[in-house]
Amino acid sequence: MVRALADGSVTSRWLTEQCLERIEASQPELNAFRIVHSEAALAEADAADRRLAAGERLPLLGVPLAVKDDMDVAGLPTAFGCAGDFPPKAEDSEAVRRLRAAGAVVVGKTQTPELGQWPLTEGPAFGATRNPWNPAFTPGGSSGGSAAAVAAGLIPAALGSDGAGSIRIPAAWTHLVGIKPQRGRISTWPEPEAFRGLTVNGVLARTVADAALLLDAASGSHRGDLHRPAPISASRAARTEPGRLRIALAFAMPFTGTSKSLDPSIRRAVERLAGRLEELGHEVALEDPRYGQIGLSFIPRATGGVHEWAARVPDPSLLDPRTSEATLMGRILSGLPLRAARRAEALHQHRIGEIFNRYDVVLTPTTATAPLRVGALEDRGSLDTERAIIAACPYAWPWNVLGWPGVNVPAGFTPQGLPVGAQLLGPEASEPLLISLAAQLEAAENWQSHWPRWSAPLGAATAAAPGPGPV
């Protein structure tokens, strides 16, 4: 799109109209969007066309994109999956501001479950978002709307957020590249940090190059951010060979005290990917990180974040009972347990990070199971819901406690044709290495050539686009 816009073979108006038409056509079944900002998006596209005609060039000038509904967009409410009458926001969040500064056209806000708590995207406020690979299944969560929209070709890429795998899980279950960057890489402002430092903003796209381009455009700090890592160039990394790496293949799950097991088809998919890495010249060996009791640091921070966010909801009586229970738990754990959890982060980083004395990257499954069916967590109590979530998604959340980057890459499909993924995990600020390795894998795997049953490939439409006409 960037190239086509720059050479004048398409207009931003035409691309944006195509996206809006596809969103409208898909919404009754996929339900990927909470808000579609059609008139404003077309006005932004027209303005982008005028700038392009005047010779201006920016990284994303005229490209239609979307953001998750936990990010503020000026003039729109931020409901974060909740029911109720939320007031419109006066200003863009810093991440959205940076997208606009790069020239992007924001077409709307994508669905997320209530306060991002679950690895599926559904709830009484908006119904169910469905997986374009098979609408009987969830696209995952909590960035499920962004994942469904990108996988179906409604938009080329989107922003999401990840507090316990909420980018990587839906990326795995919809056959996408999902980057959870280093904490603070993309600002969470107007929050100095989100969910007590667990949640970071990140990107979902079909290719590593697209994900890297969006990551570069959205990255950067606000002066009020608590975490401000040194800049990187993700796009340069996507064009750089990673060299010969030592990779730890890890299947152990962190201790949770609950029952969980790895689906054999996912294990085979990750082992196949490990074999591909060996073919590419890397050294792969079985070894697991020493997770210890990291879960004790996760719970106070996660429930504390729910407690803080629930206080902003206009009508708390509309919240899911499980959210109300999490809010109560967050209030109970907000004192000493929360302070202890934050202090323990450095100890977890030291213990788990020890594996990087011997390996450059850790490779794990992204999830333990294939995508869940729509409604799989409906009408369950809090404890039953938590057990089901942990059983399906035990691998992603430790890296949120650590604050370190991880990248989901497509690993293949189950015998039923459902996508599954693998995580490339690294130590602090290791995005360039992970992105470089993901790009090398993509070139060997060619995963971007596979489209779901419910899809509208934007590349195909762009190739057949009419000339730009007057702008």
Side-chain angles (χ1 to χ4, degrees), residues 1 19 23 26 30 32-34 60 63-71 95-96 99 104 106-113 116 119-121 129-133 138-181 185-186 199-219 234-235 238 366-367 371 396 405-411 419-424 431 434-435 438-439 442 447-448 450-452 455 457-458:
M1 283 188 179
C19 286
I23 292 167
S26 72
L30 296 187
F33 279 80
R34 180 72 183 258
L60 296 172
V63 176
L65 299 169
V67 302
K68 184 177 177 180
D69 192 29
D70 62 346
M71 301 178 192
V96 174
L99 281 193
V106 179
V107 300
K109 305 185 76 177
T110 57
Q111 303 282 23
T112 174
L120 40 64
T121 300
T129 299
R130 295 176 181 271
N131 195 320
W133 290 91
T138 181
S142 63
S143 303
S146 290
V150 175
L154 311 182
I155 49 174
L159 290 186
S161 61
D162 190 315
S166 287
I167 286 172
R168 291 161 289 159
I169 292 164
W173 285 352
T174 58
H175 197 68
L176 297 179
V177 175
I179 301 178
K180 170 211 172 300
R185 178 72 61 209
I186 299 178
T199 296
V200 303
N201 292 328
V203 301
L204 298 104
R206 291 186 54 79
T207 69
V208 175
D210 283 352
L213 176 60
L214 184 54
L215 179 59
D216 281 339
S219 291
S235 293
T366 302
T367 66
V407 177
N408 175 80
V409 295
V420 296
Q423 293 184 105
L424 305 175
E431 294 104 315
L434 302 180
I435 290 168
E442 179 180 86
W447 57 59
Q448 70 276 17
H450 299 286
W451 285 88
S455 66
L458 284 164

For Gly202 and Pro181 the tightest heavy-atom approach is CA-CD, 3.7 Å
Check: Asn131 side chain, Trp173 main-chain N or O, donor-acceptor pair, under 3.5 Å
yes
Practice problem: For Arg168 and Gln423, indicate whether the former's side chain and the latter's backbone hold a donor-acceptor pair under 3.5 Å. | Solution: no
Residues Ala32 and Thr129: closest non-hydrogen pair is CA-CG2, 4.0 Å
In terms of heavy-atom contacts, Gly165 and Pro170 come closest through O-CD, 3.7 Å
| message | side chain to side chain contact (heavy atoms under 4.5 Å, CB included), that's the test. Do Leu215 and Arg185 meet it? Break it down for me. | response | CA-CA 9 Å; Leu215 179 59; Arg185 178 72 61 209; 4.2 Å; yes
**Prompt:** Where do Ile179 and Ile435 land on the side chain to side chain contact (heavy atoms under 4.5 Å, CB included) test, with the steps shown first?
**Reply:** CA-CA 9 Å; Ile179 301 178; Ile435 290 168; 4.0 Å; yes
Is any side-chain heavy atom of Ile155 closer than 4.5 Å to one of Val150? yes
Rounded to the nearest 0.5 Å, the CG atom of Leu424 sits from the CD atom of Glu431 at a distance of 12.5 Å
Nearest heavy-atom approach of Asp216 to Ala234 is OD1-N, 2.8 Å
Here the gap from Asp69 atom CG to Ser143 atom OG, rounded to the nearest 0.5 Å, amounts to 11.5 Å
- Query: Heavy atoms, side chains only, cut-off 4.5 Å: are Leu65 and Leu159 in contact?
  - Reply: no
Here the pair of heavy atoms bringing Phe33 nearest to Ala149 is CE1-CB, 3.8 Å
One should read off an interatomic distance between Arg206 CZ and Gln448 CD, to the nearest 0.5 angstrom, of 7.5 Å
All heavy atoms of Ala147 vs all of Thr174, minimum pair found to be CB-OG1, 3.6 Å
Here the gap from Leu176 atom CG to Asp210 atom CG, rounded to the nearest 0.5 Å, amounts to 11.0 Å
The side-chain contact (heavy atoms from CB on, under 4.5 Å) partner of Ile167 among Leu204, Asn408, Val407 is Leu204
Could you go through the side chain to side chain contact (heavy atoms under 4.5 Å, CB included) check for Glu442 and Val409 one step at a time? CA-CA 8 Å; Glu442 179 180 86; Val409 295; over 6 Å; no
Original post:
Short question: side chain of Lys68, backbone of Gly145 - any donor-acceptor pair under 3.5 Å?
Top reply: no
Take Val203 and Val177 through the test side chain to side chain contact (heavy atoms under 4.5 Å, CB included) and record every step on the way to the result.
CA-CA 8 Å; Val203 301; Val177 175; over 6 Å; no
Exactly one candidate in Thr112, Asp70, Thr199 meets side-chain hydrogen bond (donor to acceptor under 3.5 Å, both in side chains) with Ser161; the answer is Asp70
The reported gap from OG in Ser142 to CD in Gln111 (rounded to nearest 0.5 angstrom) is 12.0 Å
Value for CE (Met71) from OG1 (Thr110), rounded to nearest 0.5 Å, stands at 8.0 Å
Spell out, as yes or no, whether a donor-acceptor pair under 3.5 Å connects the side chain of His175 to the backbone of Pro452.
-> no
Sorted by chain and number, sequence neighbours left out, side chain to side chain contact (heavy atoms under 4.5 Å, CB included) with Pro64 holds for Met1, Leu15, Thr16, Cys19, Val107
